[in-house]
*Asks:* 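Supplied in structure tokens, the structure appears directly below.
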Amino acid sequence: AFAGCNDGAINVDPDHPVFAVIDDALYNKQTKELLAAPVHVITIPEGIVSIGDYAFHYFERISLSTKTKDQIILPSTVTSIGNYAFAGGRRIVVLPDNLQSIGDYAFWETYGVKNAIPDSVSHLGIGAFHYTNCPDYDPTYAIKITATSNLHEIPDYAFAGCTWVKIDASNIYALGDYAFYNCSSLVEVYCKATTPPDLGSDVFNEYCSCYFLGLFLAHKDVQRDHCS
């Protein structure tokens with residue numbers, strides 16, 4: 001409803017039974033969800049459990065800043081991030097340790113996240129980090145999945161077009177179509193599963209830097225037809 005509304009005030013009756021405005025951002029008091037936030041909002045109060053669909057969508061007027069004071073730090077209580085929640089944004093987002101779900105295209109065309117995707121995340125949406133590009137190609141902001149992650153599937157287009165991706169996963173059962181398509185600076189993919197994962201179409205094709213890719217699978221020929 002508020003996608004792309006980067007400035008302007010949101011006003012709600014203080015006695016409204018459902019909605020509330022806190023520091024210019026709109027929240028659902030019943031579901032504890034952030035619904036919409038203008039460009040200057042970088043602080044989200046503790047107790048909020050979800051970032052709604054399109055909540056920070058397309059902050060095109062926000063200039064890139066990697067300074068700590070300008071980062072969006074999600075509180076420890078947030079467990080889910082909705083579809084397109086930060087799509088098109090130009091702030092670094094710090095993810096909480098208890099996060100469980102990241103929606104479809106949540107970080108599409110953004111400057112990404114500062115820390116690794118938390119091990120607690122068990123759901124990653126289609127294209128969740130599609131064309132997420134680290135500021136100045138700085139590997140400090142590489143998107144990482146650790147060996148202790150609860151993720152079992154990398155969905156279609158999840159990291160397509162990203163820069164600086166590092167995957168070290170023991171529990172991945174499937175890599176979706178175009179999951180790492182056009183990853184120009186894909187650093188490492190380590191798969192330590194005893195059974196090789198199912199691979200979709202063109203998982204690593206087209207400008208994926210497989211020359212520099214350390215790919216270790218239980219059966220080393222499984223990747224042969226998935227990277228040009």
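From a predicted model like this one, the values you see are computed outputs, not experimental measurements.
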*Asks:* Within the side chain of Thr77, is there an N or O that forms a donor-acceptor pair under 3.5 Å with the backbone of Ile48?
*Replies:*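 Checked: pair present.
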*Asks:* Of all the heavy-atom pairs spanning Ile81 and Leu95, show the shortest one and how long it is.
*Replies:*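 Ile81 and Leu95 have their closest heavy atoms at CD1-CD2, 3.8 Å.
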*Asks:* Between Ser149 and Val121, is any pair of side-chain heavy atoms under 4.5 Å apart?
*Replies:*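 In short, these two side chains do not touch, never coming nearer than 4.5 Å.
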*Asks:* Given side chains that start at C-beta, do those of Leu74 and Ile44 come closer than 4.5 Å, heavy atoms only?
*Replies:*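 Leu74 reaches Ile44 side chain to side chain.
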*Asks:* Whether the Thr148 and Asp119 side chains hold a donor-acceptor pair (N or O, under 3.5 Å, no angle test) is what I'd like checked.
*Replies:*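 Judged by distance alone, the side chains do pair up.
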*Asks:* If we ignore hydrogens and angles and just use 3.5 Å, is the side chain of Thr132 paired with the main-chain N or O of Trp108 as donor and acceptor?
*Replies:*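 Flag not set: sc Thr132 to bb Trp108 has no pair under 3.5 Å.
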*Asks:* Can you check whether Gly52's main-chain N or O pairs, donor with acceptor, with Ser50's side chain at less than 3.5 Å?
*Replies:*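 Looks like no, no N/O pair under 3.5 Å.
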*Asks:* Report yes if some heavy atom in the side chain of Phe159 is under 4.5 Å from a heavy atom in the side chain of Ile167; otherwise report no.
*Replies:*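 SC-SC contact between Phe159 and Ile167 confirmed.
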*Asks:* Just by modelled atom types, is the His16 backbone N or O under 3.5 Å from a matching donor or acceptor in the Lys29 side chain?
*Replies:*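 Indeed, once roles are kept as given, a pair shorter than 3.5 Å links the two residues.
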*Asks:* How close do Ser101 and His123 get, heavy atom to heavy atom, and via which atoms?
*Replies:*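 What the structure gives for the nearest pair is OG-CD2, 3.3 Å.
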*Asks:* Are the side chains of Phe180 and Val165 in touch, meaning some heavy atoms are under 4.5 Å apart?
*Replies:*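 With C-beta onward as the side chain, the pair touches.
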*Asks:* Please indicate whether Asn150 has more than 12 foreign heavy atoms, meaning atoms of other residues, nucleotides or ligands, lying under 6.0 Å from its CG.
*Replies:*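 More than 12 within 6.0 Å, yes.
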*Asks:* Tell me, do Tyr181 and Val203 make a side-chain contact under 4.5 Å, heavy atoms counted?
*Replies:*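 Tyr181 does not reach Val203 side chain to side chain.
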*Asks:* Got a donor-acceptor contact below 3.5 angstrom from the Ser120 side chain to the Leu99 backbone?
*Replies:*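 Yes; at least one donor-acceptor contact below 3.5 Å.
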*Asks:* Kindly indicate, with the supporting measurements, whether the criterion side-chain contact (heavy atoms from CB on, under 4.5 Å) is fulfilled by Phe129 and Val113.
*Replies:* CA-CA 10 Å; Phe129 291 90; Val113 297; 4.1 Å; yes
*Asks:* Are Ile92 and Ile72 packed together at the side-chain level, in the sense that at least one heavy-atom pair is separated by less than 4.5 angstrom?
*Replies:*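 No, side chains not in contact.
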*Asks:* For the residue pair Glu46 and Ser76, confirm or rule out a side-chain donor-acceptor distance under 3.5 Å.
*Replies:*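 Present: a donor and an acceptor within the cut-off.
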*Asks:* Crowded around Asp97 CG? As in, over 12 foreign heavy atoms under 6.0 Å?
*Replies:*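 Atom CG in Asp97 is not packed in, count stays at 12 or less.
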*Asks:* Which heavy-atom pair separates Pro118 from Pro96 by the least distance, and what is that distance?
*Replies:*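 Closest approach of Pro118 to Pro96, heavy atoms only: CG-O, 3.1 Å.
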*Asks:* Any donor-acceptor pair under 3.5 Å linking the side chain of Asp53 with the backbone of Asn83?
*Replies:*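 Yes, Asp53 side chain to Asn83 backbone: donor-acceptor pair under 3.5 Å.
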*Asks:* Measure the shortest side-chain to side-chain distance between Phe19 and Leu26 over non-hydrogen atoms and say whether it is less than 4.5 angstrom.
*Replies:*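 Sidechains of Leu26 and Phe19: in contact.
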*Asks:* Mind listing the closest non-hydrogen atom pair of Val18 and Gln30 along with its distance?
*Replies:*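 Heavy atoms only, the tightest pair is CG2-NE2, 3.8 Å.
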*Asks:* What heavy-atom pair brings His130 and Ala160 nearest, and what distance separates the two atoms?
*Replies:*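 Closest heavy-atom pair between His130 and Ala160: CD2-O, 3.0 Å.
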*Asks:* CG/Asp177 to CG/Leu199 distance, rounded to the nearest 0.5 angstrom?
*Replies:*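 Those atoms lie 10.5 Å apart.
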*Asks:* Looking at CZ of Phe56 and CZ of Phe107, how far apart are the two atoms once the value is rounded to the nearest 0.5 Å?
*Replies:*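 So the gap between those two atoms works out to 10.0 Å.
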*Asks:* Heavy atoms, side chains only, cut-off 4.5 Å: are Ile154 and Ile145 in contact?
*Replies:*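 Yes; the side chains approach each other to less than 4.5 Å.
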*Asks:* CG of Leu175 to OG of Ser201: how many Å apart, nearest 0.5 Å?
*Replies:*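 Here the rounded value is 12.0 Å.
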